Amino acid sequence: MNIRFRRTALAVAAAAVLPLALSACSDSGKDSASSDNGKSSTAASDTATDSATTGSGDMAGAEQPFGPGCATVPKNGAGSFNGMAKDPVATAASNNPALSTLVTAVKKAGLVDTLNSAQNITVFAPTNDAFAKIPKATLDKVLADKAQLTKILTYHVVGQKLAPKDLESGSYATLEKSKLATAGSGESYTVNDASKVVCGNVRTANANVYIVDTVLMPKS
């Protein structure tokens, strides 16, 4: 009788305790899962926010080349915008087919090292078509006269980096020692009221480049 009573009492006690234990385990599991999920959601949200902020910041700070002449720049390789950005300006220009006459002139004037070693400059780079506007006999004469060629080429170089906004209404001293004037807005700019920027804001390792459609001539 006593044995049966003890067994019955144990069974009743077990029946009473088991649901409580299961409930506690269940609640603990939910709390743990809820906590983990909350942390994961928060971390994911923070990561997404950071990513979005970084991405928008990069896009907002990026100024892209502009102008109809940019279509002639190679899409890939050393002569592309990305490729030119890795090299100093004279080297970068040598990889752009549209600037081959300019590069020839720079080499004849012995200015390759000067331009490549300069820091934070702006170069107004005439295209091959710009040089083609000069009568061949005149161009050949200039290319053969190192002093005159150097004077003309250094007139295309400003000793500071100019952003597009700086070109809206500016007057800047050149390495040739005289000044050039810029004007315009948006994606339309001129230099000395004659030479048009056909591809602007091209970055190289040490310079900002504005490709122009007319060779600039110093006033003196």
Side-chain angles (χ1 to χ4, degrees), residues 61-67 69-70 72-131 134 139-167 170-182 189 191-192 195 197-220:
E63 292 185 13
Q64 300 299 319
F66 61 85
C70 294
T72 66
V73 175
K75 301 298 182 185
N76 301 295
S80 66
F81 292 128
N82 287 337
M84 291 179 72
K86 299 175 183 177
D87 292 320
V89 63
T91 302
S94 70
N95 293 319
N96 189 323
L99 302 177
S100 59
T101 304
L102 172 62
V103 172
T104 296
V106 168
K107 289 179 178 178
K108 283 183 175 293
L111 292 174
V112 172
D113 290 341
T114 299
L115 293 177
N116 276 349
S117 61
Q119 295 299 313
N120 300 320
I121 59 175
T122 295
V123 176
F124 293 93
T127 62
N128 295 343
D129 290 341
F131 281 100
I134 302 173
L139 180 59
D140 288 345
K141 184 177 180 180
V142 170
L143 290 174
D145 185 340
K146 186 175 181 179
Q148 181 65 16
L149 182 59
T150 299
K151 184 179 180 68
I152 292 173
L153 293 177
T154 53
Y155 183 66
H156 289 75
V157 183
V158 171
Q160 65 186 91
K161 278 189 176 181
L162 301 177
K165 192 173 183 179
D166 297 323
L167 304 187
S171 178
Y172 299 102
T174 68
L175 296 192
E176 183 268 334
K177 303 301 184 185
S178 59
K179 290 187 174 183
L180 54 75
T182 61
Y189 297 96
V191 186
N192 290 350
S195 188
V197 174
V198 295
C199 184
N201 204 38
V202 178
R203 308 296 180 87
T204 74
N206 67 327
N208 286 352
V209 177
Y210 293 88
I211 300 175
V212 295
D213 68 354
T214 304
V215 176
L216 306 172
M217 294 293 180
K219 295 178 181 179
S220 57

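These numbers come from a predicted model, not from an experiment.
The two residues E63 and P164 make their nearest non-hydrogen contact at OE1-CD, 3.5 Å. In terms of heavy atoms, L143 sits closest to A105 at CD2-CB, 3.8 Å. Of all heavy-atom pairs spanning N128 and P97, the tightest one is ND2-O, 3.0 Å. Taking each heavy atom of G110 and T114 in turn, the nearest pair found is O-OG1, 4.4 Å. Contact detail for E176 and K151: the closest heavy-atom pair is OE2-NZ, 2.7 Å. Contact between G77 and S80 at its shortest, heavy atoms only, is O-OG, 2.6 Å.
Around NZ of K161, the count of heavy atoms belonging to other residues, nucleotides or ligands within 6.0 Å exceeds 12.
Looking only at atom types and distance, the side chain of N208 has no donor-acceptor partner in the side chain of T122 under 3.5 Å away.
The closest donor-acceptor contact from the side chain of Y172 to the backbone of L162 lies at 3.5 Å or more, if one exists at all. Y155 places no side-chain N or O within 3.5 Å of a backbone atom of T150 that could act as its donor or acceptor partner. Panel note: side chain N206, backbone V89; a donor-acceptor pair is recorded below 3.5 Å. The backbone N or O of G79 sits nowhere less than 3.5 Å from a side-chain atom of D87 that would complete a donor-acceptor pair.
Looking at L153, V106, T91 one by one, the single match for side chain to side chain contact (heavy atoms under 4.5 Å, CB included) with L115 turns out to be V106.
In this structure the side chain of T214 never reaches within 4.5 angstrom of the side chain of P126, judged on heavy atoms. Side-chain contact between T174 and T154 is absent, with no heavy atoms from C-beta onward closer than 4.5 Å. Residues S178 and K219 form no side-chain contact, since every pair of their non-hydrogen atoms from C-beta on lies 4.5 Å or further apart. In this structure, P218 and I152 have side chains that are in contact, with non-hydrogen atoms separated by less than 4.5 Å. The shortest distance between side-chain heavy atoms of M84 and N95 does not fall below 4.5 Å.
Rounding to the nearest 0.5 Å gives a distance of 8.0 Å between CG of D166 and OG1 of T182. To the nearest 0.5 Å, atoms CG (L102) and CZ (F124) are separated by 13.5 Å. Atom OG1 of T204 sits about 8.5 Å away from atom CG of N116, to the nearest 0.5 Å. In this structure, CD on Q148 lies 9.0 Å from NZ on K141, to the nearest 0.5 angstrom.
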Given H156 and L180, is the side chain to side chain contact (heavy atoms under 4.5 Å, CB included) satisfied, shown in steps?
CA-CA 8 Å; H156 289 75; L180 54 75; over 6 Å; no
Would you sort out whether V73 and N96 count as a side chain to side chain contact (heavy atoms under 4.5 Å, CB included), showing the intermediate values?
CA-CA 7 Å; V73 175; N96 189 323; 3.9 Å; yes
With side chain to side chain contact (heavy atoms under 4.5 Å, CB included) as the criterion, how do V191 and Y210 come out once you've worked through the C-alpha distance, each side chain's angles and the decisive distance to 0.1 Å?
CA-CA 10 Å; V191 186; Y210 293 88; over 6 Å; no
Verdict with supporting geometry, I134 and M217, side chain to side chain contact (heavy atoms under 4.5 Å, CB included)
CA-CA 11 Å; I134 302 173; M217 294 293 180; 4.1 Å; yes
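For the salt bridge (Lys or Arg N to Asp or Glu O under 4.0 Å) test, no residue two or more places apart in sequence or in another chain qualifies with D145.
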